[in-house]
Chemist: 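The structure follows.
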Amino acid sequence: MTVEAAVQDEGLVIPLIDFSKFLHGSPAERVETARAILRGFQTAGFVYLRAHTIPAATLGAVFARSAGFFAQPLDAKVALSLTDAAANRGYLRQGREKLVPLGEEEGGGQGGVQGSDEVVELKESLEIGREPHEQFRNHWPVEEAGTALDGFRDEMVRFFDACKDLHVQVMRAIAMGLGLDETHFDGFVDQGDNTLRLLHYPQVKADVFKANVGQVRAGEHSDYGSITLLFQDGRGGLQVKSPSGKFVDATPIPGTIVVNAGDLLARWSNDTIKSTVHRVVEPPHDDDVDVYPPRYSVAYFCNPNADSLIEAMPGTYVDEADKKYGGITSGDYLFQRLAATY
């Protein structure tokens, strides 16, 4: 199977994969596609998926609602602020997240930044969890008929569920790629203990990046969970760290989802899958640009069920001594990481 490269630079090759071949292809096509996805995660930590299950019209509506949310006065957004790391729900204003240095084994986090120099990230976000939940509640904005926020909650819940279903399908591809039963991970991810993050990178003057050395829109980090589904607008700025240590542009490709493996999936795979560091920087530009327009993206952070015990997957170790990590529940692992971030 010949796989096109979405990104190829500095030794980093991120494949562009037609996901319909896994969803609807022949048995041979499904296996080949699953293996290509697994290889992408093992070598780059990233893949681009096209012909996926999220319609363009759905994405357009979600991005429009997101823009409407962030256009509200700051006071209205702050009233919905995230207050509990365990819940991981609510609004995060610019600079709200802590800068978390990378440890020897763990990544900088779902928003954490590598390094010790304090540079405020130029972004704000809204975190949304599954509904219903037995313990936590989302912080929803007030909806008024005829406004950009009219129908916001219903739109986001539908999108959350659509992404949850896609998470299941990607995990099935990973299972098939590993030679496991296709449904091996179904019982680990069926509850949808995931986080939908709406992201807004406000308009900013270009000279801000010149005046502040190291200024970024989102600093170097790896994600925490199993996989992340990232939906980008066309502005650009996402970069992925290459094997050479240089950062490479992950240019937006219309109609695709950028999918990356997270730290917990790397741990789950006994480090046979990579969780690769990435960041959002000054977008590609002409020299005479004075102001960068706002950038919007939507990240869907996928996690195993909170009560799932995460241990090395079958086929990723020879014997017990070959396992790099002890077992831990997904909920405990994610709470440890989120508590450090907020």
Chemist: Main chain of Pro304, side chain of Ser330: is a donor-acceptor contact present, judged purely on distance under 3.5 Å?
Modeler: yes
Chemist: Is the closest side-chain heavy-atom distance between Leu59 and Phe159 below 4.5 Å?
Modeler: yes
Chemist: Nearest 0.5 angstrom please: His184 NE2 to Met313 CE, how far?
Modeler: 7.5 Å
Chemist: Does Glu311 use its side chain to pair, donor to acceptor, with the backbone of Gly327 at less than 3.5 Å?
Modeler: no
Chemist: Mind checking the NZ-CD spacing from Lys246 to Gln239? Nearest 0.5 Å is all I need.
Modeler: 12.5 Å
Chemist: Could you see if Ile128 belongs to whatever hydrophobic cluster contains Ile257? Use Ile, Leu, Val, Met, Phe, Trp, Tyr and a side-chain cutoff under 4.5 Å.
Modeler: yes
Chemist: Please examine the side chains of Leu12 and Glu10, heavy atoms only from C-beta on, and report whether any two atoms are closer than 4.5 Å.
Modeler: no
Chemist: With a 4.5 Å limit on heavy-atom distance, are the side chains of Val62 and Val298 in contact?
Modeler: yes
Chemist: Indicate yes or no for a side-chain donor-acceptor contact from Asp223 to the backbone of Gly225 under 3.5 Å, with no hydrogens or angles considered.
Modeler: no
Chemist: What's the verdict on salt bridge (charged side-chain N to carboxylate O under 4.0 Å, His left out) for Glu127 and Arg197, showing C-alpha distance, side-chain angles and the deciding distance?
Modeler: CA-CA 5 Å; Glu127 321 292 307; Arg197 168 179 276 194; 2.7 Å; yes
Chemist: Does Arg130 come within less than 4.0 Å of Asp193, counting only side-chain N to carboxylate O?
Modeler: yes
Chemist: Are any non-hydrogen side-chain atoms of Leu149 and Gln72 less than 4.5 angstrom apart?
Modeler: yes
Chemist: Could you check whether any side-chain heavy atom of Tyr224 comes within less than 4.5 Å of a side-chain heavy atom of Phe301, counting everything from C-beta outward?
Modeler: no
Chemist: Looking at Thr251, is its backbone amide N or carbonyl O close enough to the side chain of Asp249 to form a donor-acceptor pair, meaning the two atoms are under 3.5 Å apart?
Modeler: no
Chemist: Under the side-chain contact (heavy atoms from CB on, under 4.5 Å) rule, what do Asn303 and Tyr333 come out as? Steps first, then yes or no, please.
Modeler: CA-CA 10 Å; Asn303 307 305; Tyr333 178 84; over 6 Å; no
Chemist: What I want to find out is whether Arg35 reaches Glu32 closely enough, with some N-O distance under 4.0 Å, to be called a salt bridge.
Modeler: no
Chemist: Answer yes or no: does atom NZ of Lys205 have more than 12 heavy-atom neighbours from other residues, nucleotides or ligands under 6.0 Å?
Modeler: no
Chemist: So do Pro202 and Val204 actually touch side chain to side chain, heavy atoms under 4.5 Å?
Modeler: no
Chemist: Test the Arg279-Phe247 pair against the cation-pi criterion, namely NZ or CZ under 6.0 angstrom from the six-membered ring centroid and within 45° of the ring axis.
Modeler: yes
Chemist: Roughly how far, to the nearest 0.5 Å, is the CD1 atom of Ile14 from the CD atom of Gln8?
Modeler: 10.5 Å
Chemist: Spell out, as yes or no, whether a donor-acceptor pair under 3.5 Å connects the side chain of Ser226 to the backbone of Cys302.
Modeler: yes
Chemist: Got Ile174 and Leu265 here, is their nearest side-chain heavy-atom distance under 4.5 Å?
Modeler: yes
Chemist: State whether the side chain of Lys77 and the backbone N or O of Ser125 hold a donor-acceptor pair below 3.5 Å, judged by distance alone.
Modeler: no
Chemist: In Å, rounded to the nearest 0.5 Å, how long is the span from NZ of Lys323 to OG1 of Thr316?
Modeler: 8.5 Å
Chemist: Could you tell me whether the side chain of Glu143 and the main chain of Arg153 form a donor-acceptor pair under 3.5 Å?
Modeler: yes
Chemist: Determine yes or no for a side-chain-to-main-chain donor-acceptor pair under 3.5 angstrom, with Asn260 supplying the side chain and Phe46 the backbone.
Modeler: no
Chemist: Looking at every heavy atom in both Gly129 and Asn138, which two are closest together, and how far apart are they?
Modeler: N-OD1, 2.7 Å
Chemist: Checking Asp207 side chain against Lys210 main chain: does a donor-acceptor pair fall under 3.5 Å?
Modeler: no
Chemist: Under 3.5 Å, side chain of Arg235 to main-chain N/O of Pro294, donor-acceptor pair present?
Modeler: yes
Chemist: Roughly how far apart are Asp190 CG and Asn305 CG, rounded to 0.5 Å?
Modeler: 5.0 Å
Chemist: Parallel under 30°, tilted from 30 to 60°, perpendicular over 60°: which one fits the rings of Tyr91 and Phe70?
Modeler: tilted
